[in-house]
Amino acid sequence: MTYKRMLQAVMAAGVSVAIGLGLTACSRDYTAAYVYSISASGGNINGFGVDYQTGILTQIAGSPFATNFQSQTAVVRSPDGKFIYVVSGPEDSKVVELAVGTDGKLYGQHTYSLTGTYPTAAAIDSTGKFLYVTFTYQTGFTPALPGLGGITIFPIKPDNTLDTPVTQGGLNYVPVGNNPVGIAVSVPTCTLTPVIKASSTPTCAVKGSSTNNGWPNAFVYVVDQEASPNATVLGFAQNVNTGTLTMLSGTTFDNTLKTYQGVRAGVAPSAVAIDPTGRFVYVTDKIANQVIAYSIDTVNTGNLTALRASPFPTGTATGQFPVSLTIDPRGKYLYTTNFNSSTLTSFTIDVASGNLSAVASSTAGNFTTGPRPTCVTIEPALGTYIYTSNLLDGTISAGKLNPNTGAISGVQNSPFTVSALPSCIISVPNGEHSIQLANP
């Protein structure tokens with residue numbers, strides 16, 4: 001079946017989010033995915049359709065869409081790609097939920113308050129049951145009176161609305177370090193002997209307790225950018241049923257100094273990502289111009305151990321300042337956005353060891369973006385096109401990935417104009433059929 005015919009068949013059989021909301025929408029045959037860019041200077045969200053043959057972006061009718069925030073910090077999508085959640089800047093400290101129509105239009109649903117201020121990052125677990133948002137200040141702390149930050153945990157209901165934040169230990173947040181800037185959630189992995197049922201659904205036998213609905217705890221890792229040598233990655237076990245977090249044995253709290261300590265994370269860690277298998281964690285260090293790689297002890301503790309060959313430089317030029325990263329849907333390549341050098345660095349991931357090696361190209365693995373790239377996303381429909389939000393000139397740069405080498409080539413008509421000061425970017429597939437193409 002051709003790609004176009006497959007799209008037409010799915011659209012004929014499927015029911016769109018917009019229709020479910022009493023709205024009408026019409027998908028384009030050749031739109032593989034949608035890309036959304038948020039702004040640090042207002043509440044605008046710019047939306048584009050991705051042409052599956054070329055990667056060219058076409059503005060969605062009605063774009064930009066408004067959140068009514070004064071600024072926007074982070075954006076994440078539900079695993080099925082039918083909803084996105086946008087985190088406000090420090091002025092609002094809120095989250096808005098938006099439905100993605102079949103034509104890519106965004107439909108605002110509800111806005112929710114965080115349990116702290118100055119939000120920094122967000123992540124959703126692989127089951128789509130919990131949204132985790134890091135913030136800089138607990139109640140009573142401000143930039144003038146710095147203190148510990150935290151994580152607000154929102155349960156996600158079946159209709160994708162957010163429930164009341166999870167409470168544990170008498171708090172409606174989880175305390176973390178003094179400057180949490182990134183968060184990632186691993187896929188559930190078996191910590192004991194796996195039991196494979198006839199249905200081929202993996203489960204884990206948990207001795208002396210319930211089977212936790214067939215899964216053990218997954219793991220959550222938070223990057224704390226507190227000044228070196230206290231820059232660290234904090235680890236937590238996630239209860240996949242309740243969303244609650246428990247510190248791993250490798251993460252501790254010093255009650256005298258009022259600081260948390262996990263594994264060392266270079267000079268100034270800036271972002272974190274976990275490979276699709278849930279075995280490796282990667283952290284960008286923006287001051288040292290490197291990626292630090294860790295293995296996860298998925299068998300016993302969930303603690304991180306730096307790989308022997310780590311860290312991996314993002315290039316030979318100094319002052320690159322890598323501020324974000326992403327891993328392609330197949331788990332074969334990793335890309336960092338280098339804010340100062342306005343480039344992307346491409347790495348190949350060794351699936352056995354987790355080690356990184358630079359992708360060979362005419363610029364030592366680097367692809368030129370617009371000035372000051374802030375975030376990077378790979379559309380999940382085909383896993384072929386990569387996009388960066390560029391802060392200085394208000395654009396999106398587009399590239400095409402070579403599936404055999406990971407090298408990036410340019411896309412025609414790139415860059416594409418968006419609202420001023422784009423702070424981050426995300427992409428969603430145009431229908432569940434597209435996800436199957438990226439994850440066969």
Kindly say whether [Y] contributes a backbone atom to a donor-acceptor pair with the side chain of [X] at under 3.5 angstrom?
| X | Y | result |
| --- | --- | --- |
| Ser324 | Thr374 | yes |
| Thr136 | Tyr118 | yes |
| Thr67 | Gly43 | yes |
| Thr377 | Ile426 | no |
| Asp328 | Tyr333 | yes |
| Asn46 | Ser419 | yes |
| Lys332 | Pro403 | yes |
| Glu379 | Tyr385 | yes |
| Thr388 | Val376 | no |
| Asp125 | Phe130 | yes |

- Any donor-acceptor N or O pair under 3.5 Å, side chains Asn44, Ser39: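 Side-chain D/A pair, Asn44 to Ser39: absent.
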- Query: Can Asp224 and Thr232 be counted as having a side-chain donor-acceptor contact under 3.5 angstrom?
  - Reply: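 There is no such pair between these side chains.
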- Message: Taking atom CD as the centre, does Gln53 end up with more than 12 heavy-atom neighbours from other residues, nucleotides or ligands that are less than 6.0 angstrom away?
- Response: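 Count over threshold, so yes.
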- Message: Are Val411 and Ile56 packed together at the side-chain level, in the sense that at least one heavy-atom pair is separated by less than 4.5 angstrom?
- Response: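 Counting from C-beta outward, Val411 and Ile56 do come under 4.5 Å.
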- Query: Does the side chain to side chain contact (heavy atoms under 4.5 Å, CB included) test come out yes or no for Tyr282 and Ile349, once each step is laid out?
  - Reply: CA-CA 11 Å; Tyr282 299 92; Ile349 301 174; 3.5 Å; yes
